[in-house]
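Order of appearance sets the numbers: ligands from 1, and atoms from 1 within every ligand. Values below: every heavy atom of this structure, side chains too, minus hydrogens, waters and symmetry copies.
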Amino acid sequence: MITFTINDQRISVEQPMSVLEAARANGVEIPTLCYHPAVKPSGSCRLCTVEITGHSGKPTTLLSCILKVREGLVVKTESELVQKARLAAFKNLLQMAPQSKKIRQIAENCDIFLGPPPDGCIRCRLCIRVCKEIVGAEALKMEKRDGINFVVPIEGRCIGCGTCANICPTDTILLGDRDNMRTISIRDEIIGQHPLEVCEGCGKRFATPKFLAYIERRTEPHPHVKEEHRYCPTCAKLFSDRIRTFSRPAKR
Ligand code: FES
């Protein structure tokens, strides 16, 4: 019989085993990712770190999946030292698997905050700046959520031009034209959803009514705009080339 202590609880086991196995057999939870009872432990994830008092009398951390129980061993699974080592392990794992929900879930169970999952946004605010300074719609803003800044939509402001999606350097803002509707979104939040107007030249759906109205307002003084603004960019170019050809004076 081997008797040792985990978190001030005396535990006796009949045969040699790892601290992790003994802990679990006695209802003490230790997080793991790389441990599997069917194979030998590898010590890869480092989440199973526990604190023991070393030979020098100083507390130290070891991996409980590898550490064997021995008589008189004193183990702590929730000390400050353990939390520090776990945080480092979680950060290292996230570098390799940033998309993993499981890693975040285990960290949360251990009361370790790893920050929000990466959303692809580098916080350059190019989308916000272009929407405000060039388009003038001001449909996006920065907002702090749980202490972190996010690009978020301002309800009802988007005109559906897609400039934010086209300029985003990391393609985090998405534009999708489907079933005669344009949807612009970031993460799972919709920035704008608009019906698409038909091009009077080729019949293709190409722009939103709010965007066309905006162009009309901005270009009102131009003599050709009233006739040409319901054409998609391809048709508009085609027709304006023809206008130029027809209006060019004949060569002598
Ligand atoms: Fe992964 Fe111990 S369980 S290192």
(request) Run the numbers on Thr170 and Thr172 for side chain to side chain donor-acceptor pair (under 3.5 Å), then give the verdict. (result) CA-CA 5 Å; Thr170 56; Thr172 297; 2.9 Å; yes
(message) With a 6.0 Å cut-off (strictly less than), is the heavy-atom count around CZ of Arg218, excluding the residue itself, greater than 12?
(response) no
(request) Would you list the protein N, O or S atoms within less than 2.8 Å of atom 2 (Fe) of ligand 1, leaving out water? (result) Cys48 SG, Cys65 SG
(request) Check the surroundings of atom CD in Gln99: do more than 12 heavy atoms from other residues, nucleotides or ligands lie under 6.0 Å from it? (result) yes
(message) For Lys68, is the NZ atom crowded, meaning more than 12 foreign heavy atoms sit under 6.0 Å from it?
(response) yes
(request) Kindly indicate whether the side chain of Cys48, heavy atoms from C-beta on, has any atom under 4.5 Å from the side chain of Val50. (result) no
(message) Run the salt bridge (Lys or Arg N to Asp or Glu O under 4.0 Å) test on Arg86 and Glu78 for me, step by step, so that the C-alpha distance in whole Å, both residues' side-chain angles and the decisive distance to 0.1 Å come before the verdict.
(response) CA-CA 10 Å; Arg86 271 186 200 152; Glu78 299 299 334; 3.5 Å; yes
